[in-house]
There are 2 protein chains.
Amino acid sequence: MERLAEILKAKKLKVTPQRLAIYKVLYETTAHPTADVIYNALKATHPTMSLATVYKTLDALKKADLVHELSIGDESARYDANMKSHPHMVCLHCNKVYDLHTSTLDDAINNLQSETDFEILSTKIYFYGICSGCKTATLS
Amino acid sequence: MERLAEILKAKKLKVTPQRLAIYKVLYETTAHPTADVIYNALKATHPTMSLATVYKTLDALKKADLVHELSIGDESARYDANMKSHPHMVCLHCNKVYDLHTSTLDDAINNLQSETDFEILSTKIYFYGICSGCKTATLS
DNA sequence: ATGGATGCAAAGTGTTTGCAGCCAG
DNA sequence: CTGGCTGCAAACACTTTGCATCCAT
């Protein structure tokens with residue numbers, strides 16, 4: 001977790017045990033947890049942790065460009081420490097959120113930009129459907 | 001607005017003045033208003049209209065597949081009566097939301113589907129940036 | 001006539017804020 | 001030492017719900 005502390009420092013964020021813990025949870029998962037999930041995951045090891053601190057920390061990380069916030073449907077916000085901008089696939093059956101690392105869309109988006117004279121600074125792309133795991137499971 | 005009443009009837013929704021009014025607002029704009037904006041737009045002509053009714057009606061329309069709900073950033077939900085699935089461009093400067101009617105992305109999304117073995121049922125695609133109007137205005 | 005819709009107020013949810021005490025730098 | 005962080009509780013904004021009344025069918 002040395003590395004994480006370095007990253008925080010580089011962003012001029014004070015390194016506190018809470019911040020390290022929260023960032024670590026996000027850094028080590030691809031499950032895109034909500035603030036509440038993070039809070040509950042840390043309660044055991046950090047009994048004094050408060051939900052407000054989780055929110056404040058996520059906000060700080062967001063502003064420092066260390067995490068992305070995902071807004072998927074009505075649910076509460078989910079967070080992703082993978083900063084490479086990428087589309088997400090939301091399985092409507094198991095509710096998992098998959099990262100999609102592909103360049104399949106890149107060309108099309110570039111074309112769009114010139115077609116529309118709109119300067120695209122960031123994207124939020126969500127695909128909703130059924131993941132391959134659930135498709136197989138549903139057959140039974 | 002005969003036509004709108006027909007559409008509601010076809011969806012087995014009772015046709016009330018409130019529903020017609022709310023649907024009409026959405027049907028005749030591309031501004032993607034929030035529930036609150038719709039409510040305020042109708043207060044003058046429908047003094048007894050309540051915000052709860054707007055929400056309930058939007059919910060009914062959503063369930064009847066007559067409107068889409070957009071979740072853009074932190075703001076409250078915005079609504080779109082244009083049911084043809086399409087990406088949205090959000091101008092970070094003037095905060096307007098533009099509909100994007102193009103097939104530029106279609107092929108790429110189809111490819112994605114086969115690449116990933118994920119069955120895509122719907123998409124939510126938002127581009128954030130600066131619209132051409134604001135780009136020009138910013139030059140001055 | 002009757003089941004669903006309205007509209008008020010109250011409750012709910014996720015998130016944010018105020019502030020006193022605390023700790024990293 | 002000092003400004004920023006924590007953590008509690010209270011406040012907040014948006015949305016939903018309960019319920020008595022009303023109205024479209």
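Quick note on labels: first sequence line is chain A, next is B, and so on, each numbered from 1.
- A straight line from CD1 of A:I22 to C1' of D:dG7 spans 12 Å, rounded to a whole angstrom.
- Using a distance-only test at 3.5 Å, with no hydrogens or angles considered, no donor-acceptor pair links the side chain of B:H93 to the main chain of B:C91.
- A heavy-atom distance below 4.0 Å to DNA chain D is reached by none of the residues of residues 39-50 of chain B.
- Spacing between atom CD of A:E75 and atom P of C:dG14 amounts to 11 Å, rounded to whole angstrom units.
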Check nucleotides 16-21 of chain C for protein N or O atoms closer than 3.5 Å to its own N or O atoms and list the pairs.
residue : atom : partner : partner atom : Å
C:dG18  : O6   : A:K56   : NZ           : 3.0

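- Straight-line distance from the CG atom of A:L8 to the P atom of D:dC5: 11 Å, rounded to whole Å.
- When all heavy atoms are compared, the tightest approach of A:M89 to A:L100 is CE-CD2, 3.6 Å.
- The nearest whole Å value for the distance from the CG atom in A:L20 to the P atom in C:dG25 is 9 Å.
- For A:R19 (side chain) and A:T57 (main-chain N/O), no donor-acceptor pair under 3.5 Å exists by modelled atom type.
- Computed from coordinates, the A:I38 CD1 to C:dT15 C1' distance equals 14 Å when rounded to whole Å.
- No donor-acceptor pair under 3.5 Å is formed between the side chain of A:T29 and the backbone N or O of A:L26.
- Here the closest heavy-atom approach between residue B:N95 and residue B:R78 is recorded as O-NH1, 3.5 Å.
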Output a table of nitrogen or oxygen pairs between the protein and nucleotides 20-25 of chain D separated by less than 3.5 Å.
residue : atom : partner : partner atom : Å
D:dA24  : O3'  : B:V15   : O            : 3.3
D:dT25  : OP1  : B:V15   : N            : 3.3

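- Note on B:A77: only backbone sugar-phosphate atoms sit closer than 4.0 angstrom, heavy atoms only; bases stay farther off.
- Among the atoms of the strands shown, only primed sugar atoms or phosphate atoms (P, OP1, OP2) are found under 4.0 Å from some heavy atom of A:S76.
- Applying the 4.0 Å criterion to OP1 and OP2 of C:dC23, one finds that A:Q18 has every side-chain N and O outside that range.
- Pairs of residues two or more places apart, or lying in two chains, that qualify as salt bridge (charged side-chain N to carboxylate O under 4.0 Å, His left out) and include a residue from residues 48-65 of chain B are B:D59-B:K62, B:D59-B:K63, B:K62-B:E69.
- Atom-to-atom distance recorded for A:I125:CD1 and B:F127:CZ is 5.0 Å, nearest 0.5 angstrom.
- Separating the OH atom of A:Y23 from the P atom of D:dT6 is a distance of 16 Å, rounded to the nearest angstrom.
- For the pair B:D99/B:H88, a side-chain contact is recorded, criterion being any heavy-atom separation below 4.5 Å from C-beta on.
- Across the helix from C:dA1-D:dT25 to C:dG25-D:dC1, the helix axis at one end is tilted relative to the axis at the other end by 40° (nearest 10 degrees, each axis from five pairs).
- Within the 3.5 Å criterion, the main-chain N or O of A:M49 finds no donor-acceptor partner in the side chain of A:T53.
- Heavy atoms of other residues, nucleotides or ligands lying less than 6.0 angstrom from OH of A:Y128 number more than 12.
- Of all heavy-atom pairs spanning A:Y23 and A:A81, the tightest one is CE1-CB, 4.3 Å.
- D:dC5 atom P lies 4 Å from atom CZ of A:R19, rounded to whole Å.
- Contacts of B:N82 classified as side chain to side chain donor-acceptor pair (under 3.5 Å), with partners at least two apart in sequence or in another chain: B:H101.
- Here the rule is side-chain hydrogen bond (donor to acceptor under 3.5 Å, both in side chains) with A:T104, and of A:D106, A:D107, A:T102 only A:T102 fits it.
- The shortest heavy-atom contact between A:Y126 and A:S71 is OH-N, 3.1 Å.
- As rounded to whole Å, 11 Å separates atom P of D:dC5 from atom NZ of A:K63.
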